[in-house]
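Some notes on the structure that comes next.
Just so you know, ligand 1 is whichever comes first in the structure, and atom 1 is the first atom listed for that ligand. All values below come from the heavy atoms of this structure, side chains included, with hydrogens, waters and symmetry mates left out.
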Amino acid sequence: MTTQTLQQTQSATLTYDGKSVTLPLVRGTEDEVAADIEKLRAQTGMITLDPGYGNTGACKSAITFIDGEKGILRYRGYPIEELAEKSNFLEVSWLLLHGELPTRAQLAEFTNEVTRHTLLHENFRRFFDALPKDAHPMPVCAAAVAALATFYQEPDSDSKLQETVVRLIAKMPTLAAYSYKHSIGQPFIYPRNGLDYSTNFLNMMFATPCDEYQVDPLLARALDLLLILHADHEQNCSTSTVRMVGSSQANLFASISAGISALWGPLHGGANQQVIEMLERIEAEGGDVQKFVDRAKDKKDNSRLMGFGHRVYKNYDPRAAVLKKSCTDVLSRLGIKSRQLEIAVKLEEIALRDDYFVSHKLYPNVDFYSGIIYKALGIPINMFTVMFAIGRMPGWIAQWLEMRSDPANRIGRPRQIYTGATKRGYVAIDQRGR
Ligand code: ACO
């Protein structure tokens, strides 16, 4: 891996109230530049205001690089398209965690460790029993990951941290499959050590004690691909949550559980579920794609084109390009003619020609095609965001580890501009009117 030492050789000058303040510039290895405002408040009393942190660098990170204008995504320097074509999810997980591609021996050992930690403690069955049958699997998984901290004490200690990392990657598919089995009232299917990561997950989801379930290798590969594409995406909402929670020295299980909750929102990982619901709605209403695009543009209408737009990508999301092709492969392998895929392709065509979407730089994101593949694999809609969480696990962990080992790390604590009432006296209750 080639890394350059970050340099602070230049500065920017901010003029405020007749005074000038010099802000050091920080450069990344891809030549991105940041003005370091850490001392701004001490020098001027001023803070910066940036709702949604759209232009705020919260850390320096060597894990993932995105150039949203050019549609580039790289993990540890490797282009996502190459990893999608040539790698597998556990190899990518190692890469994210360690910074380098593993040797054959390292990958074999990591795969073996992950395989041996997939089983859940038997007492965990009672955890699922306590939850309502119709519970959404996302809060079930968030709660289950937090609950792992009750089974494994001091998970961040020097002697246990490595095992905690392996446990999270190993047990997440088991927790996810158990949350699904619980919701449909079927017995849990134990993990099988002879199966690879994705095949094992599909087996735990779809096998029953009465039926053998043969996993089609092409479908297991499609799932593996989806996991690779979701494995990291630098400082998004859920990852920043993981870092923020971890910055208080909360343990890794607690931090990841918070990340899963953040991912659940419809504007983040929850969008994949929303995309399929949108496509179903368009289909049910007769398939008038143009009408839906017009509604998404209408500011008086709350509809958005789900799976379109991104805070960072102002060009085609490279993950969506890989998934569009995989979508066609999976459906043709299964012999499925999907009306929803037809609607999705048409939506994309119309939106990419439409002035509104062009001028707002709105392109399909990773969620636009992923739901169609999940659906074809037989994954129920309310499990889509859980699939995202399985994939994002190594990225969250790598970011948390990087944050913890960074000497510059401090507890996350943003500032605010107060807009409420100025000082006033307490009013007794009988003098407050009705
Ligand atoms: N459909 C229609 N208009 C949109 C869409 C959309 N999907 N996305 C953004 N816009 C418009 C907004 O109305 C706004 O228009 P205006 O400037 O004329 O008022 C402009 O584009 C900017 O939108 P913001 O919401 O300010 O952009 P932001 O960067 O905050 O949001 C987001 C990004 C949340 C992803 C947004 O594009 C969106 O809601 N997309 C649909 C949900 C989605 O697919 N989320 C998944 C994202 S990928 C991921 O998290 C894995």
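- For S247 against G412, the heavy-atom pair with the smallest separation is OG-N, 2.8 Å.
- Within the structure, salt bridge (Lys or Arg N to Asp or Glu O under 4.0 Å) pairs that include any residue of residues 130-150 do not occur (at least two apart or interchain).
- With sequence neighbours left out, the side-chain contact (heavy atoms from CB on, under 4.5 Å) criterion links P191 to T118, L119, T174, Y178, N200, M204.
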One pair per line, please: each N/O atom of ligand 1 matched with every protein N/O atom under 3.5 Å away, atom names first, then the distance to 0.1 Å.
residue	atom	partner	partner atom	Å
ligand 1	1 (N)	L305	N	3.1
ligand 1	3 (N)	Y356	OH	2.9
ligand 1	7 (N)	L305	O	2.7
ligand 1	7 (N)	F308	O	3.0
ligand 1	13 (O)	K299	NZ	2.8
ligand 1	13 (O)	R304	NH2	3.3
ligand 1	13 (O)	Y356	OH	3.4
ligand 1	15 (O)	K299	NZ	3.0
ligand 1	15 (O)	H360	NE2	3.4
ligand 1	18 (O)	K299	NZ	3.1
ligand 1	18 (O)	H360	NE2	2.8
ligand 1	19 (O)	K299	NZ	3.4
ligand 1	25 (O)	R304	NH1	3.0
ligand 1	25 (O)	R304	NH2	3.0
ligand 1	29 (O)	R311	NE	2.8
ligand 1	30 (O)	R311	NH2	2.8
ligand 1	39 (O)	R304	NH1	2.7
ligand 1	40 (N)	F308	O	2.9
ligand 1	44 (O)	G307	N	2.8
ligand 1	44 (O)	N365	ND2	3.0
ligand 1	45 (N)	L267	O	3.3
ligand 1	50 (O)	H268	ND1	3.0

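- In terms of the side-chain contact (heavy atoms from CB on, under 4.5 Å) criterion, residue partners of N55 (sequence neighbours excluded) are, by chain and number, D50.
- Contact annotation: the side chain of D367 never approaches that of F384 to less than 4.5 Å [non-hydrogen atoms, C-beta and beyond].
- Aromatic ring orientation, H121 versus F151: tilted (interplanar angle from 30° to 60°).
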